[in-house]
Number of protein chains: 2
Amino acid sequence: MSENGRPTATIRRVAEAAGVSRATVSRVMNGRSTVAPELAARVLEAARALDYAPSPVARSLALGRTATIALIVPDLANPMFQDVLRGLSQAAGEDGHRLIVAESNENVANEEVLAVEARRRCDGIVLASPRLPTEDLERLAPLLSPLVLINRKLPGTGVPSLSVDHGAGIGDLVAHLLSLGHRRIAYLSGPSASISNQDRVDALLRLSAEGREFELVQLACGATFENGHAMAGAVVETGATAVVAYNDMVAFGALSGLHELGIPIPGRLSITGFDDIPFARYTTPPLTTAAVPKNVLGHQAWTQLSNQLHNNPTQNQATFRPRLLVRGSTGRAPTP
Amino acid sequence: MSENGRPTATIRRVAEAAGVSRATVSRVMNGRSTVAPELAARVLEAARALDYAPSPVARSLALGRTATIALIVPDLANPMFQDVLRGLSQAAGEDGHRLIVAESNENVANEEVLAVEARRRCDGIVLASPRLPTEDLERLAPLLSPLVLINRKLPGTGVPSLSVDHGAGIGDLVAHLLSLGHRRIAYLSGPSASISNQDRVDALLRLSAEGREFELVQLACGATFENGHAMAGAVVETGATAVVAYNDMVAFGALSGLHELGIPIPGRLSITGFDDIPFARYTTPPLTTAAVPKNVLGHQAWTQLSNQLHNNPTQNQATFRPRLLVRGSTGRAPTP
DNA sequence: ATGAAAGCGCTAACAG
DNA sequence: CTGTTAGCGCTTTCAT
């Protein structure tokens, strides 16, 4: 927006140079209605000569839309959001939309202000807000619309929401472990406040109650490598033959801790992660995990937002089933 | 920008409601000059009642600035850029600026268009463009100004540039290895087109020529885990006692490959990485590496951009020296 | 098919 | 201290 070299050409200058009205320039630049070929040529020529390009800001004001959307996440360091960001940026970019990113730093109060403010410069919002109380979210939603939610639902409001089916992922993981003969499984749980952890716990509880095929041992853990690492000893003491970790980081930490204790993996203990972060395939042994389609989520978020922008029908609830990735960290249960 | 619920209040409505002119409302909203307390109160009250907030788009047009900047990177999957993004987003955010991100997908042609287009909606650009030919960059720079370059220099143009001193990093790494008694060092080189690889090679060549303290063996490799993994055998054959890898991914791959060959690390072979990606501390053994201050780069980028926006003097070339992180993957050279 | 004119919502001289 | 006026640059009826 600032001046360097020659001042940026405006539509007025082009109009003068081409000897036509601004309206005509506008029409030509937008390929609108039919302008006499000769005039059109003159305009194009003048535009080229003056190095003219329409001002996006002025267009935004006149049109009432910005061709920009915003992504609001609690934490840009989280691999989950990094990939959603990539997918969203790419998808929106292909449709000629720019992406503004805002990080709330896990600060919920901040998040509200950020979102509302962002919405004013944008045509729509993709919001990942694991912590915001549902009632606040409900109050906010109309202000933010068009809006797409990541891993949050607002039933009955018509706000499209994309979520990962953590339960199904856990189901696949457990089925895999059962097929390998495991009958006593330890769960290294994530942050208790986390909804996604609750999803996992619920699924595990249901599975162990339903089939009674395995015993479940819950261990309070956390979400980090260090948390997982610290639980290695406790895991061994449970006598479990397999451990389901809250996520890949925890699994990785546990793997590392068990390594140090001299426990062979998967010989004596099998271990699974969740997410399929970039490094999951490179641990030793590589991590069996439930891969969350993070990029797809980003793409879908754009699809849903784009639908709203064009007043097309949206899919209110899309659930993404993680894909089971069997790698080296799981094997047959040891025979006692 | 679209309508939900009641149409968004405008400055005009507020003015009418408060019985003042739009100019006064504007003044109050911006804390400008001194408005009679009584009027100010009326305006504020009206604004609150109408749920009014000034339109950023209209302000942008009127003011000629958007309070937005853009970051353009070749690849959002690259941990380097992810962290720069975080740092930049945070720093700019604290100063009330939004961040637009654009990914060129390593497509240089795309990059030019993207950058110029982005510049029109923004007040400034942070550009990471490892591939763009210098002459193109020189032509582009004036159009993009205010501009900050990441890992590229444009000497004599006054364009601020932030770069990592790869040579110094390599110097620290090599000094560390020499102090451990290593006298034959293999370098797993990165993509030959990469300037940062060239920096490293130059430093190594200089070091081995200058002091003649060690022999250098170069091995063409790449930038990925797989590339490093594939070179494990070749590394052993060189008879080197230490390997300096192009980056952490390569080091990690090599580590893994050497592991499979049964080579004790660091007992028989020491190995170093570069970057300090999040997982470097979690490999077995943890990777000795040169930590690039990626977040700081992001923050500094904002500082330099902000200086330009305020017509303050800028620091034209800032070079960031990586920090040597000694971890478990390096040890004393084996005694023959 | 083209131009004149009004308007998007806000800010910034300039008067008073 | 406040209001009037004139833009910022573009789009879009509405006439012609």
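Here is how names work: the chains are called A, B, and so on, in the same order as the sequence lines, proteins then strands, and each is numbered from 1. Small disclaimer: the values here were computed from a predicted structure and weren't measured.
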Response to the item:
note: B:E16, atom CD; D:dT4, atom P; distance rounded to Å ~ 12 Å
Worksheet item: Whole-Å distance between C:dG9 P and A:L63 CG?
Response: 12 Å
Item to complete: Decide yes or no on salt bridge (charged side-chain N to carboxylate O under 4.0 Å, His left out) for A:R131 and A:E111, but give the supporting numbers first.
Response: CA-CA 10 Å; A:R131 304 275 169 76; A:E111 210 159 79; over 6 Å; no
Practice prompt. Indicate whether OP1 or OP2 belonging to D:dT11 is found under 4.0 Å from a side-chain N or O atom of A:S26.
Written response: yes
Discussion item. Any donor-acceptor pair under 3.5 Å linking the side-chain atoms of B:Q304 with those of B:T314?
Written reply: no
Item to complete: Please figure out whether B:R27 or B:A62 has its closest DNA chain D nucleotide nearer the 5' end.
Response: B:R27
Discussion item. Measuring from the side chain of B:L61 (C-beta onward, heavy atoms only), which nucleotide among D:dA6, C:dT2, D:dC8 has the closest atom?
Written reply: D:dC8
Item to complete: For A:V25, report the nucleic acid contact type (base, sugar-phosphate, nothing); a contact means any heavy atom under 4.0 Å.
Response: nothing
Worksheet item: So, A:S60 side chain and A:P56 main chain: donor-acceptor pair closer than 3.5 Å or not?
Response: yes
Discussion item. How many whole angstroms separate atom CZ of B:R65 from atom C1' of C:dT11?
Written reply: 10 Å
Worksheet entry | Closest nucleotide among D:dC10, C:dG9, D:dA6 to the B:A58 side chain | C:dG9
Worksheet item: If only side-chain N and O atoms of A:S55 are considered, is one of them under 4.0 Å from the OP1 or OP2 phosphate oxygen of D:dC10?
Response: no
Practice prompt. Nearest whole angstrom, please: distance from the P of D:dC8 to the CZ of A:R13.
Written response: 10 Å
Discussion item. Using the rule given for salt bridge (charged side-chain N to carboxylate O under 4.0 Å, His left out), can you reason through A:E135 versus A:R139, listing the C-alpha separation, both sets of side-chain angles and the distance that settles it, and then say yes or no?
Written reply: CA-CA 6 Å; A:E135 50 185 22; A:R139 177 174 45 72; over 6 Å; no
Discussion item. Between B:E45 and B:R42 (salt bridge meaning N to carboxylate O under 4.0 Å), is one present in this structure?
Written reply: no
Discussion item. Could you tell me how far apart B:N30 (CG) and D:dT2 (P) are, to the nearest whole angstrom?
Written reply: 16 Å
Item to complete: Please report, rounded to the nearest Å, how far the C1' atom of C:dG3 is from the CD1 atom of A:I11.
Response: 13 Å
Discussion item. Using whole Å, what does the distance between atom C1' of nucleotide D:dG3 and atom CZ of B:R42 come to?
Written reply: 13 Å
Item to complete: Indicate whether OP1 or OP2 belonging to D:dG9 is found under 4.0 Å from a side-chain N or O atom of A:R12.
Response: no
Practice prompt. Tell me which nucleotide among C:dC8, C:dA12, C:dC10 gets nearest to the side chain of B:T10.
Written response: C:dC10
Worksheet item: Taking only side-chain nitrogens and oxygens of A:R32, does any of them come within less than 4.0 Å of OP1 or OP2 of D:dT12?
Response: yes
Practice prompt. Measure from CZ on B:R22 to P on C:dT11 and round the result to the nearest Å.
Written response: 12 Å
Discussion item. Does A:A23 reach a base, just sugar-phosphate, or nothing at all? Heavy atoms under 4.0 Å.
Written reply: base
Discussion item. From C-beta outward on B:S21, which listed nucleotide comes closest to its side chain: D:dC1, C:dG9, D:dG3?
Written reply: D:dG3
